[in-house]
Amino acid sequence: MKKIKVHGTIVTNDNKWIYDLFDMDSTSPKDISDTLADMTDDVVIEINSYGGYVDAGNQIYSDLKNYPGNVTVEVLMAGSAASVIAMAGDKVKMSPVGRIMIHNASVGAQGDYHAMDAASEALQMANSAIANAYVGKSGIAKEEALALMNKETWMDADKALEYGFVDEVIEYTESTPVFELVANGLTNGIIPQNVIDKVRNDKQLPMASVQVNTDEIVDKIYEKLKADFDVEIENNKKEEPKAKSFERFLF
């Protein structure tokens, strides 16, 4: 049975490149859809993510729900947008040291009070849509799901099983691989292990063999980010803020 990893930040397809550039764990909808393409066999989705963009998470959830084969989800950490993805499993299993976190969507907005009203309305609509995934899996009332989101709810394996967010808690044996946890509620500040290993390996190479122009890389990144920022500034000058400005919610 094929195992697909949903690790790191849940990102949009067009932002995936910068996470790859810095060897940071991330998952985009295209990562999942490309892997599932032309497949019909049963799959296991391994989730270890604190969340990311709402629409990206919703797209992955929908792709998994539409997948013709059986989908088993194994949860270590499923926070925010990643918790929505977890709800797509026909069977959801959770590590005994795992956690699920659900809360309201958020967004950065600017403009007059009309823009703020539009942002508020869009956020409430996003919360309602997200709650549908929790209701569909757990069977709890939508009002209860929204209340849990409103107060930001963290669940260990026992609590997630009680609410119906998971179907069973994994019982590990000596041959069962165990995830490596860190005692940190956020991914910020923790360097991924593969980056550490890469730096360690590079340090062991003769200096003359390392031919990486870091200044050129930084300049190219700066030029791309500045160009994107300049375009956004020009667009803001040309038109008033609209509801579509809030389409990328953080979750």
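Note that this is a predicted model, so its numbers are computed, not measured.
Taken together through direct or relayed side-chain contacts under 4.5 Å among Ile, Leu, Val, Met, Phe, Trp and Tyr, Val44 and Met39 form parts of separate hydrophobic clusters. Both Leu225 and Met24 belong to a single network of hydrophobic side chains, linked directly or stepwise wherever heavy atoms of I, L, V, M, F, W or Y lie under 4.5 Å apart. Note on Ile140 and Leu161: same hydrophobic cluster, where clusters join Ile, Leu, Val, Met, Phe, Trp and Tyr whose side-chain heavy atoms are under 4.5 Å apart, directly or indirectly. Follow the hydrophobic side-chain contacts under 4.5 Å out from Leu146 and you reach Met87 in the same cluster. If you chain together hydrophobic residues whose side chains sit under 4.5 Å apart, Ile4 and Val84 fall into the same group.
Panel note: side chain Lys159, backbone Trp154; no donor-acceptor pair is recorded below 3.5 Å. At distances below 3.5 Å, at least one donor-acceptor pair connects side-chain atoms of Asp31 with backbone N or O atoms of Ser28. For the pair Ser49 (side chain) and His7 (backbone), a donor-acceptor distance under 3.5 Å is absent. Judged by distance alone, with hydrogens and angles left aside, the side-chain atoms of Asn13 form a donor-acceptor pair with the main-chain N or O of Lys30 at under 3.5 Å. Ser33 places a side-chain N or O within 3.5 Å of a backbone atom of Pro29 that can act as its donor or acceptor partner. Of the possible polar contacts, one joining the Asp167 side chain to the Val92 backbone as a donor-acceptor pair under 3.5 Å is found. Looking only at distances, no side-chain donor or acceptor of Asp42 sits under 3.5 Å from a matching main-chain atom of Val71.
Around CD of Glu152, the count of heavy atoms belonging to other residues, nucleotides or ligands within 6.0 Å exceeds 12. Counting heavy atoms of neighbouring residues, nucleotides and ligands inside a 6.0 Å radius, atom NZ of Lys16 exceeds 12 of them. Residue Lys91 places its NZ atom among 12 or fewer non-hydrogen atoms of other residues, nucleotides or ligands, all under 6.0 Å distant.
Looking at Thr72 and Lys93, their side chains never bring a donor and an acceptor atom within 3.5 Å of each other. If you check the side chains of Tyr163 and Thr153, you find no donor sitting under 3.5 Å from an acceptor. For the residue pair Gln124 and Ser120, a side-chain donor N or O sits within less than 3.5 Å of a side-chain acceptor on the partner. For Gln59 and Asp55, the side-chain atoms include no donor-acceptor pair closer than 3.5 Å.
Scanning all heavy atoms of the two residues, the minimum distance from Gly89 to Val73 falls at CA-CG2, 3.6 Å. Closest approach of Gly57 to Ile85, counting heavy atoms only: O-CG1, 3.6 Å.
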Original post:
Hey, mind stepping through Lys224 and Ile18 against side chain to side chain contact (heavy atoms under 4.5 Å, CB included) and telling me if it holds?
Top reply: CA-CA 11 Å; Lys224 178 172 176 55; Ile18 196 165; over 6 Å; no

Subject >> Working for side chain to side chain contact (heavy atoms under 4.5 Å, CB included), residues Glu168 and Met94 >> reply: CA-CA 6 Å; Glu168 64 180 77; Met94 189 168 180; over 6 Å; no

Original post:
Met149 and Ile130: side chain to side chain contact (heavy atoms under 4.5 Å, CB included), yes or no, with the steps?
Top reply: CA-CA 9 Å; Met149 294 167 61; Ile130 290 163; 3.9 Å; yes

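In this structure, Lys2 does not pair ionically with Asp41, as no charged nitrogen and carboxylate oxygen lie closer than 4.0 Å. Using a 4.0 Å cut-off between charged side-chain N and carboxylate O, Glu223 and Lys220 make no salt bridge. With respect to the salt-bridge test (charged N to carboxylate O, under 4.0 angstrom), the residues Glu46 and Lys3 qualify.
Side-chain contact between Val6 and Asn48 is absent, with no heavy atoms from C-beta onward closer than 4.5 Å. Contact of the Leu36 side chain with the Leu64 side chain is registered, since non-hydrogen atoms from C-beta on lie closer than 4.5 Å. Side-chain atoms of Tyr67 and Asp63, non-hydrogen and from C-beta on, never get closer than 4.5 Å to each other. Looking at Val11 and Tyr19, their side chains come closer than 4.5 Å, going by heavy atoms from C-beta outward. For the pair Phe165 and Ile100, the minimum side-chain heavy-atom distance is below 4.5 Å.
Of the residues listed (Asp156, Val169, Asp158), the one engaging Pro96 in a side-chain contact (heavy atoms from CB on, under 4.5 Å) is Val169, and it is the only one.
Asp25 CG to Lys5 NZ: the interatomic distance, rounded to the nearest 0.5 Å, is 9.0 Å. Note that NZ of Lys137 is 7.5 Å distant from CG of Asp90, once rounded to the nearest 0.5 Å. Rounded to the nearest 0.5 Å, atoms CD1 (Ile10) and OH (Tyr53) are 12.0 Å apart.
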